[in-house]
Amino acid sequence: VQLQASGGGLVQAGGSLRLSCAASGFTFGIHTMAWFRQVPGKEREFIAASSWIGAAEYLTDSVKGRFIVSRDHAKNTVFLQMNRLKSEDTAVYFCAAGTTVISWTAEGYNYWGQGTLVTVSS
């Protein structure tokens with residue numbers, strides 16, 4: 001099983017980044033794919049998920065209207081389009097996969113990527 005996250009980097013406040021997470025080694029179509037982020041000293045925070053049931057999408061309140069989660073089944077890849085970035089979005093972003101319909105906590109996911117750093121300068 002492998003989740004390879006990419007697309008992080010340094011961006012100015014108000015800018016955009018698109019994160020990608022390429023999955024392999026499991027059945028992508030029956031896994032909910034999620035994005036979490038973490039800053040030093042804090043717990044991993046749920047950001048967004050694309051459920052394998054009904055193609056439902058979930059976003060935490062702090063990113064609604066700015067971030068978009070999507071998935072490409074042909075490429076076994078999940079994306080996180082991040083727009084109007086703020087300094088408080090600075091974190092390491094992780095993608096995760098799990099078989100539950102949706103989970104708001106890290107415990108609900110079986111597989112994790114290595115993380116990609118997003119730094120938003122103000």
Novice: Not counting sequence neighbours, list each pair that qualifies as a ring pair (Phe, Tyr, Trp, His ring centres under 6.0 Å) and has a residue in residues 59-101.
Specialist: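 Every ring pair (Phe, Tyr, Trp, His ring centres under 6.0 Å) pair that includes a residue of residues 59-101, provided the two are not neighbours, is Phe28-His73.
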
Novice: Output all residues satisfying side-chain hydrogen bond (donor to acceptor under 3.5 Å, both in side chains) with Glu43, sequence neighbours left out; order by chain, then residue number.
Specialist: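 Listed in chain order: nothing, the list is empty.
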
Novice: Verify the cluster assignment for Leu59 and Met33: are they in a single hydrophobic cluster under the rule of side-chain heavy atoms below 4.5 Å apart?
Specialist: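 Yes, it is one cluster - the side chains of Leu59 and Met33 are joined through contacts under 4.5 Å.
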
Novice: Taking the side chain as every heavy atom from C-beta outward, state whether Val120 and Gln12 have any atom pair closer than 4.5 Å.
Specialist: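 Val120 vs Gln12: side chains apart.
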
Novice: Indicate yes or no: at least one non-hydrogen side-chain atom of Val39 is less than 4.5 angstrom from one of Thr90.
Specialist: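 Side-chain contact under 4.5 Å: no.
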
Novice: Is a side-chain N or O of Ser51 found less than 3.5 angstrom from the main chain of Ile102, in a donor-acceptor match?
Specialist: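 Between the backbone of Ile102 and the side chain of Ser51 there is no qualifying donor-acceptor contact (under 3.5 Å).
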
Novice: Is there a path of hydrophobic side-chain contacts, each under 4.5 Å between heavy atoms, that joins Leu17 and Val92?
Specialist: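 No, no single cluster joins them.
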
Novice: How about Glu57 and Arg71: do any of their side-chain heavy atoms sit closer than 4.5 Å?
Specialist: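 No; the side chains remain at least 4.5 Å from each other.
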
Novice: When you measure from the side chain of Thr27 to the backbone of Gly29, do you find a donor-acceptor pair of N or O atoms at a distance under 3.5 Å?
Specialist: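 No: the side chain of Thr27 does not pair with the backbone of Gly29.
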
Novice: Under a plain distance cut-off of 3.5 Å, with no hydrogens placed, do Asp72 and Thr77 share a side-chain donor-acceptor pair?
Specialist: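 No, because no side-chain N or O of Thr77 sits under 3.5 Å from a partner of the opposite role on Asp72.
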
Novice: If you measure from CG on Leu80 to CD1 on Ile68, what distance do you get to the nearest 0.5 Å?
Specialist: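 It comes to 9.0 Å.
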
Novice: Taking the side chain as every heavy atom from C-beta outward, state whether Val11 and Ser121 have any pair of such atoms under 4.5 Å apart.
Specialist: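 Result no, sub-4.5 Å side-chain heavy-atom pair not found.
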
Novice: How would you list all residue pairs meeting ring pair (Phe, Tyr, Trp, His ring centres under 6.0 Å) that involve residues 37-65, not counting sequence neighbours?
Specialist: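 Every pair satisfying ring pair (Phe, Tyr, Trp, His ring centres under 6.0 Å) with a residue in residues 37-65: Phe36-Phe46, Phe46-Trp104, Tyr58-Trp104.
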
Novice: Under 4.5 Å between any side-chain heavy atoms of Val69 and Ser50, yes or no?
Specialist: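 They are in contact (side-chain heavy atoms under 4.5 Å apart), so the answer is yes.
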
Novice: Same cluster for Trp35 and Leu3 if Ile/Leu/Val/Met/Phe/Trp/Tyr side chains link at under 4.5 Å?
Specialist: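 Both belong to a single hydrophobic cluster.
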
Novice: Would you say Glu45 and Ser62 make side-chain contact, with heavy atoms under 4.5 Å?
Specialist: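 Side-chain contact under 4.5 Å: yes.
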
Novice: Going by heavy atoms in the side chains, are Val63 and Arg37 under 4.5 Å from each other?
Specialist: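 Yes, side chains in contact.
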
